[in-house]
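Only one structure is covered here, and it is reproduced in the block below.
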Number of protein chains: 2
Amino acid sequence: MDIRTLCLGILTLRDATGYEIKKVFEDELSHFYEASFGSIYPALNRMTDDGWIIGKAEAQDGRPDKKVYSITSAGRMAFMDALDKKPRKDRIRSEFLAMMMFSDLMTPSRIAHLIDERLKGLATKIAELEDCPDDRGNGEVSRFLRGFGHAMYVAEQNYLEENRHLVEAQALMAHAAAD
Amino acid sequence: MDIRTLCLGILTLRDATGYEIKKVFEDELSHFYEASFGSIYPALNRMTDDGWIIGKAEAQDGRPDKKVYSITSAGRMAFMDALDKKPRKDRIRSEFLAMMMFSDLMTPSRIAHLIDERLKGLATKIAELEDCPDDRGNGEVSRFLRGFGHAMYVAEQNYLEENRHLVEAQALMAHAAAD
DNA sequence: AGAGTCATGTAACGCGTTACATGATTGT
DNA sequence: ACAATCATGTAACGCGTTACATGACTCT
């Protein structure tokens, strides 16, 4: 499931412009997927060539034309095929954790700072998810997805608070040994 | 922190061949990073050109030469610089969750199957982490990293068990509506 | 007999990011 | 004044995967 296919999926939910699709990525998928304009617009053009979607240009006053895309029946079939394949395993890349691996090369204060920043970011995301009042999107499912993100962030928060001493102690020892 | 830099980091911990570095990725980093031979070997060659590491060829009987790499002081400095930069945000790409977003396009049994498979995979990973008897790697830190993976997998497991009904109910309704 | 481990590498290719280019409107 | 929002796109580039190529040894 590359970005192209995901854009197609979003168009099964509602018609949208490239700009709006980007917002769906930010608002509803940001916890487990992301995409830039540089990948969305070419994806849309290519799928138009493939006959999977069609875009209607809408003139606007002052702004450039808006292209509202709709999925075609061929596109719907293509997306159904994608849903039949088994999902490949998650790809995760956490620089934060990679850096933690080398905590004995950092000063204790540097490590503490990295963890504090991480916790700050987590707190922000958790607050965002909790303050989200309206369940837009398709109700139950988007609650499920938001809840998923929330559960992961909270679990990480708890783990870091309870176990940061493991890396911080290591750094202290390495630091003391260097003296 | 690209794969190249991470390989460099691993060489601050111990001398290693490309093959052994791959194993470090699999054994210690698999929860939050991965790399293929096709990225590791070129990384090693390029860092050799840069003077960050040096490889000593060791002849072996029957097998091709083994190249054991060590980090140079220039390489160590380069890695320290990388550790000073602030980590960029995690990149996550979960096809499983992306598919869940479209649960109303799948049959209830398909969704149940996807979730069951996901839970099976989680159980396997959790068991692996719990059955890991020896704390190899640098003690505290690798316990921290393993514990992190464990905490995340368990949190996901709990969330899925408690909330799968949200997506499964949605699929049932969509399915009933289609009749 | 076949799978798995040890061992290194290259080539093609695709995917996606980043930066650039443009520009009006609206809110602070 | 300045940032943000709306709106679309291209070009260059890098990163990394996948598949291919080679080959012996060991365990089941």
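Chain naming here is simple, since letters A, B, ... match the order of the sequence lines and numbering starts at 1 in each.
Between the C1' atom of dC15(D) and the CE atom of M47(B) lies a distance of 14 Å, rounded to the nearest Å. The distance between atom OH of Y19(A) and atom P of dT25(C), rounded to the nearest whole Å, is 16 Å. Atom P of nucleotide dC15(D) and atom OH of Y33(B) are separated by 11 Å, given to the nearest angstrom. In this structure, K66(B) places its NZ atom 10 Å from P of dC6(C), rounding to the nearest Å. Between I21(B) atom CD1 and dG9(C) atom P there is a gap of 11 Å when expressed in whole angstrom units. Per the geometry, CG belonging to D27(B) stands 14 Å off C1' belonging to dC6(C), to the nearest Å. Rounded to an integer number of Å, the gap from CG of N45(A) to C1' of dA11(D) is 14 Å. To the nearest angstrom, C1' of dG14(C) lies 18 Å from CE of M1(A).
Looking at R118(B) and E95(B), no side-chain N of the basic residue comes within less than 4.0 Å of a carboxylate O on the acidic one, giving no salt bridge.
Cation-pi geometry between K56(B) and Y69(B) is not met: the NZ or CZ atom fails to fall both under 6.0 Å from the ring centre and inside 45° of the normal.
Aromatic ring centroids of F32(B) and F148(B) lie 6.0 Å or more apart.
In this structure, N158(A) has no side chain to side chain donor-acceptor pair (under 3.5 Å) partners at least two apart in sequence or on a different chain. Looking at residues two or more places apart in sequence or on another chain, you find a salt bridge (Lys or Arg N to Asp or Glu O under 4.0 Å) between R4(B) and D2(B).
A close approach under 4.0 Å does not occur between any side-chain nitrogen or oxygen of K22(B) and OP1 or OP2 of dA7(C). In this model, the phosphate group of dT5(C) is not approached by any side-chain N or O of K23(B) to a distance below 4.0 Å at OP1 or OP2.
Counting only heavy atoms from C-beta on, R4(A) has its side chain closest to dC15(C) among dG9(C), dC15(C), dT10(D). Taking the side chain of R46(A) as heavy atoms from C-beta on, and the options dA7(D), dC15(C), dT10(C), the nearest nucleotide is dC15(C).
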Using nucleotides 17-20 of chain D, report all nitrogen or oxygen pairs with the protein that are shorter than 3.5 Å.
unit_1: dT17(D); atom_1: OP2; unit_2: S36(B); atom_2: N; d: 3.3
unit_1: dT17(D); atom_1: OP2; unit_2: S36(B); atom_2: OG; d: 2.8
unit_1: dT17(D); atom_1: OP2; unit_2: S39(B); atom_2: OG; d: 3.4

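Put simply, L8(A) and M77(A) are part of two different groups of oily side chains (I, L, V, M, F, W, Y) that touch within less than 4.5 Å, one to the next.
For Y159(B) and H150(A), the side-chain atoms include no donor-acceptor pair closer than 3.5 Å.
Each of T17(B) and D2(A) has a nearest nucleotide on DNA chain C; the 5'-most of these lies closest to T17(B).
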